[in-house]
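The structure's right below; bear with me while I get my questions together.
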Amino acid sequence: LGFSGRCLINRPGLLVGPQDPTGRFTWWVRRIAAGGDVLAPGDPQGPVQFIDVRDAAAWMLRQSEQGTRGVFNLTGPARPLTWGALLETAVDTLNPDARLQWVDEAFVLGQGVAPWSDLPVWLPRESEGLHRVVIAPALATGLVCRPLAETLADTGAWAGPPVPASGPPRPTVGLTAEREAALLAAWRARP
């Protein structure tokens with residue numbers, strides 16, 4: 001609190017886009033680009049938030065130049081986004097032959113699927129408050145979030161097919177194709 005009112009403090013949400021080494025958002029981009037049946041978890045009307053790192057960087061630079069002070073949540077998009085809209089836009093942008101297979105949240109969790117790591121970015125209903133962060137102050141100071149399709153396309157162009165990682169090993173992110181297929185088969189076979 002010693003710097004209260006004298007500095008710019010930004011609290012970014014999930015940063016996504018080209019050059020993202022975490023693989024979280026990129027997993028979805030690669031998965032949908034691969035096509036076929038895609039396990040879509042939970043409620044398509046559930047919220048999701050993230051920000052293209054290029055938009056976050058542009059906002060931070062602009063605010064630094066203007067001498068803005070205060071604490072700002074820095075995520076996006078500017079208008080609320082649902083899981084359904086995210087994944088449908090990804091299909092439209094990356095591979096119209098991908099088929100979303102919506103699977104009930106209780107089933108997904110009951111199968112031992114870990115939110116955020118096995119299905120990156122996705123959070124179950126009880127944790128979805130993390131995807132409802134208020135960003136009005138950042139928007140009021142000029143935060144501009146590029147269109148979702150642009151972030152998806154640019155991330156896809158950068159990511160391409162998976163390649164072996166260089167540098168220190170990173171934790172595996174996302175379901176394997178085999179695990180996803182097994183989950184979808186179990187979902188279809190339930191009574």
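The shown structure was predicted, so the numbers you read here are calculated from the model rather than taken from an experiment. The figures that follow rest on heavy atoms only: side chains count, while hydrogens, waters and symmetry mates do not.
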Exam field: side chain D154 to backbone P18, donor-acceptor pair closer than 3.5 Å: no
Reported CG-to-CD distance for the pair L175 and Q111, which is rounded to 0.5 angstrom: 11.5 Å
Under 3.5 Å: donor-acceptor pair, side chain of R30, backbone of A159: yes
Spacing of D92 atom CG and N95 atom CG [to the nearest 0.5 Å]: 10.5 Å
Sidechain-backbone polar pair: E105 side chain, R125 backbone, donor-acceptor under 3.5 Å: yes
Joint cluster assignment, W116 & V133, ILVMFWY side-chain distance < 4.5 Å: no
Pairwise distance CG(D43) to OG1(T82) - rounded to 0.5 angstrom: 8.5 Å
Test item: V29 and L152 side chains (from C-beta on) under 4.5 Å apart, heavy atoms: yes
Closest heavy-atom pair and its distance - I32, A90: CD1-CB, 3.5 Å
4.5 Å side-chain heavy-atom contact, L87 and W102: yes
CA sep, side-chain torsions, deciding dist, call: L184, V103, side chain to side chain contact (heavy atoms under 4.5 Å, CB included): CA-CA 8 Å; L184 286 172; V103 178; 4.0 Å; yes
D37 to E180 - nearest heavy-atom pair and separation: O-OE2, 3.7 Å
Side-chain donor/acceptor of T141 to backbone N/O of A138, under 3.5 Å: yes
For A78 against C145, the heavy-atom pair lying closest together: N-SG, 4.0 Å
Flag side-chain contact, heavy atom, 4.5 Å: W27 against V121: no
Donor-acceptor contact present, side-chain R146 to main-chain V144, <3.5 Å: no
Q101 side chain vs L39 backbone, donor-acceptor pair below 3.5 Å: no
Ring geometry between H131 and W83 (parallel below 30°, tilted from 30 to 60°, perpendicular above 60°): perpendicular
L123 CG to E128 CD distance, which is reported to the nearest 0.5 Å: 9.0 Å
Side chain to side chain contact (heavy atoms under 4.5 Å, CB included) evaluation trace for D20 with V53: CA-CA 9 Å; D20 175 16; V53 69; over 6 Å; no
Pairwise distance OG1(T68) to CG(N10) - rounded to 0.5 angstrom: 11.0 Å
Min side-chain heavy-atom separation V113-L183 under 4.5 Å: yes
Lys/Arg N to Asp/Glu carboxylate O, D118 vs R179, below 4.0 Å: no
R190: partners by salt bridge (charged side-chain N to carboxylate O under 4.0 Å, His left out), with sequence neighbours left out: none
F50 side chain reached by L86 side chain, heavy atoms, under 4.5 Å: yes
Over 12 non-hydrogen atoms of neighbours within 6.0 angstrom of CZ in R62: yes
Co-membership, hydrophobic cluster, residues L148 and L143, 4.5 Å side-chain: no
R188 atom CZ, over 12 foreign heavy atoms within 6.0 Å: yes
In one Ile/Leu/Val/Met/Phe/Trp/Tyr side-chain cluster, 4.5 Å: V16, I135: no
Side-chain touch P41/L109, heavy atoms, less than 4.5 angstrom: no
Heavy-atom closest pair, residues A98 and V91: O-CG1, 3.6 Å
Same apolar cluster: V38 and F107, side chain cutoff 4.5 Å: yes
Side chains of F25 and T151 in contact at under 4.5 Å (non-hydrogen atoms): yes
Reported CG-to-CZ distance for the pair L8 and F72, which is rounded to 0.5 angstrom: 6.5 Å
W28-L130 co-clustered via ILVMFWY side chain contacts under 4.5 Å: yes
Heavy-atom side-chain contact between E150 and D52 under 4.5 Å: no
